Novice: 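Quick one: the structure is below, and I'll ask about it shortly.
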There are 2 protein chains.
Amino acid sequence: MRFSTKGHYGLKAMLDLAQHYGAVPVPLKSVAQRQRLSGYYLEQLFTMLRKAGLIKSVRGVQGGYMLARPPEEIKVGDVIRVLEGPVAPVECVNEVEPKECDQADYCITRIVWVKLRDSIAGVLDSISLADICRGAQKNQQSQE
Amino acid sequence: MRFSTKGHYGLKAMLDLAQHYGAVPVPLKSVAQRQRLSGYYLEQLFTMLRKAGLIKSVRGVQGGYMLARPPEEIKVGDVIRVLEGPVAPVECVNEVEPKECDQADYCITRIVWVKLRDSIAGVLDSISLADICRGAQKNQQSQE
DNA sequence: CTAAACCCGAGTAATTAACTATAGTTTCAA
DNA sequence: TTGAAACTATAGTTAATTACTCGGGTTTAG
């Protein structure tokens with residue numbers, strides 16, 4: 001039971017944008033270097049995030065990417081759903097359009113997966129990018 | 001973010017054994033038929049569960065499989081960990097021997113994965129096979 | 001006009017998932 | 001004592017997914 005690197009890397013990149021949130025866009029290359037990610041690969045992730053409306057892009061020289069909304073208003077769940085698809089420990093309890101099997105009515109394991117799904121979604125939707133940035137700052141302070 | 005069919009099917013099969021828990025072993029074939037699973041595939045899952053000590057086998061005619069402990073004493077988490085490995089939304093927060101990346105100290109996303117891991121483990125470890133069987137019974141009664 | 005930057009689509013190697021198959025061993029029961 | 005039911009072990013196979021990689025575009029500040 002793993003998230004793929006899409007969710008993992010994508011969240012890192014989004015937090016990088018959150019930490020540099022401001023007026024000027026951040027070039028993909030600098031995000032990739034700071035987070036040690038393949039630029040080619042990150043491009044794909046940013047494309048997904050842009051099409052989903054979580055980030056905006058500015059083309060041309062001095063261009064780059066920036067969050068479409070302030071970090072307080074973007075939840076980890078938003079990012080993960082774009083990159084990994086809807087939360088669903090098994091397909092039959094998918095958040096969106098679950099393909100229920102023919103045994104759905106009496107499937108005895110169903111309750112487990114529903115609880116799990118809700119628990120996962122609960123965690124992901126309770127944390128904003130800003131929450132994490134604050135936590136990271138605190139951490140650095142406490143290490144000083 | 002999905003569990004594989006190992007965890008999914010394996011839990012179904014374990015619950016089948018729980019529902020038939022008693023003195024006599026249940027042949028694999030009958031579990032496979034009731035749960036509509038490939039017998040060949042289920043064989044592999046049962047082998048893993050047996051080696052992990054969750055089920056016992058009886059060879060020969062009239063043989064089969066049975067839970068090694070009563071359903072109250074087997075948690076969903078026990079089954080899932082045998083079949084899917086340790087709970088770990090990403091490798092660096094694996095329950096067992098996490099391969100921490102070189103950025104572990106200052107990795108900003110880490111807190112998310114830890115919370116998620118603990119939340120998932122919490123759900124899986126809070127539900128026993130007996131809990132689910134009881135729920136299923138109740139469900140059937142309420143539908144009458 | 002040129003270089004920095006995003007945009008888009010395709011290709012690809014490696015891994016994993018999900019079975020499938022085959023040959024063997026144990027045990028009961030007729 | 002032998003045949004069939006059942007578990008045991010290991011290997012093969014096919015398809016999908018993952019995690020990139022690459023090449024050629026377009027936009028725009030300076």
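Here the structure is a predicted model, which is why all the values come from computation and not from measurement. Chain identifiers are assigned alphabetically (A, B, ...) following the order of the sequence lines, protein sequences preceding nucleic acid strands; residue numbering begins at 1 within each chain. Worth knowing before you read on, the calculation uses all heavy atoms, side chains too, and leaves out hydrogens, waters and symmetry mates.
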Novice: Sorted by first residue and then second, give each salt bridge (Lys or Arg N to Asp or Glu O under 4.0 Å) pair with at least one member in residues 62-74 of chain B; sequence neighbours left out.
Specialist: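 As it turns out, the salt bridge (Lys or Arg N to Asp or Glu O under 4.0 Å) pairs with a partner in residues 62-74 of chain B, which skip direct neighbours, are R69(B)-D78(B).
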Novice: Could you run down nucleotides 5-14 of chain C 5' to 3' and tag each one B, S or - for protein heavy-atom contact under 4.0 Å?
Specialist: SBBB-B----
Novice: Please enumerate all residues that pass salt bridge (charged side-chain N to carboxylate O under 4.0 Å, His left out) together with R81(A), with sequence neighbours excluded.
Specialist: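 By the salt bridge (charged side-chain N to carboxylate O under 4.0 Å, His left out) rule, R81(A) matches E95(A), D125(A).
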Novice: Honestly curious: do V61(B) and V58(B) fall in one hydrophobic cluster under the side-chain, below-4.5 Å linking rule?
Specialist: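 No, because V61(B) and V58(B) fall into different hydrophobic clusters, even though each may have its own neighbours under 4.5 Å.
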Novice: With a 4.0 Å cut-off, would you call E84(A) and K6(A) a salt bridge?
Specialist: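 Here E84(A) does not pair with K6(A) in a salt bridge, since their nearest N and O are not under 4.0 Å apart.
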Novice: Would L42(B) end up clustered with Y40(B) when hydrophobic side chains under 4.5 Å apart are linked, directly or stepwise?
Specialist: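 Each belongs to a different hydrophobic cluster.
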Novice: From CZ of R2(A) over to C1' of dT16(C), roughly how many Å is that when rounded to an integer?
Specialist: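 The answer, rounded to whole Å, is 12 Å.
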Novice: How are the rings of W113(A) and H8(B) set to each other: parallel, tilted or perpendicular (split at 30° and 60°)?
Specialist: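 Ring orientation, 0 to 90° scale: perpendicular.
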Novice: Determine the minimum heavy-atom distance between G10(B) and L83(B), stating which atoms define it.
Specialist: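 That closest heavy-atom pairing would be CA-CD1, 3.6 Å.
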Novice: Does a donor on one side chain and an acceptor on the other come within less than 3.5 Å for T5(B) and Y41(B)?
Specialist: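 Side chains of T5(B) and Y41(B): pair found under 3.5 Å.
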Novice: Can you give me the first and the last nucleotide of DNA chain D (5' to 3') that has an atom within less than 4.0 angstrom of a non-hydrogen atom in chain B?
Specialist: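 That gives a stretch of dA4(D) to dA11(D).
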Novice: If you look at every strand shown and take non-hydrogen atoms under 4.0 Å, does Y9(B) touch a base, only sugar-phosphate, or nothing?
Specialist: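 Result for Y9(B) = sugar-phosphate.
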Novice: Can L17(A) be reached from M66(A) by stepping across I, L, V, M, F, W or Y side chains whose heavy atoms are under 4.5 Å apart?
Specialist: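 In one cluster: no.
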Novice: Can you pull out the residues from residues 83-94 of chain A that lie within a 4.0 Å heavy-atom distance of DNA chain D?
Specialist: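 Hits under 4.0 Å, by residue number: none.
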Novice: Going by the side chain to side chain donor-acceptor pair (under 3.5 Å) test, which pairs reach into residues 49-60 of chain A, not counting sequence neighbours?
Specialist: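 Every candidate side chain to side chain donor-acceptor pair (under 3.5 Å) pair involving residues 49-60 of chain A fails, so no pair, neighbours aside, qualifies.
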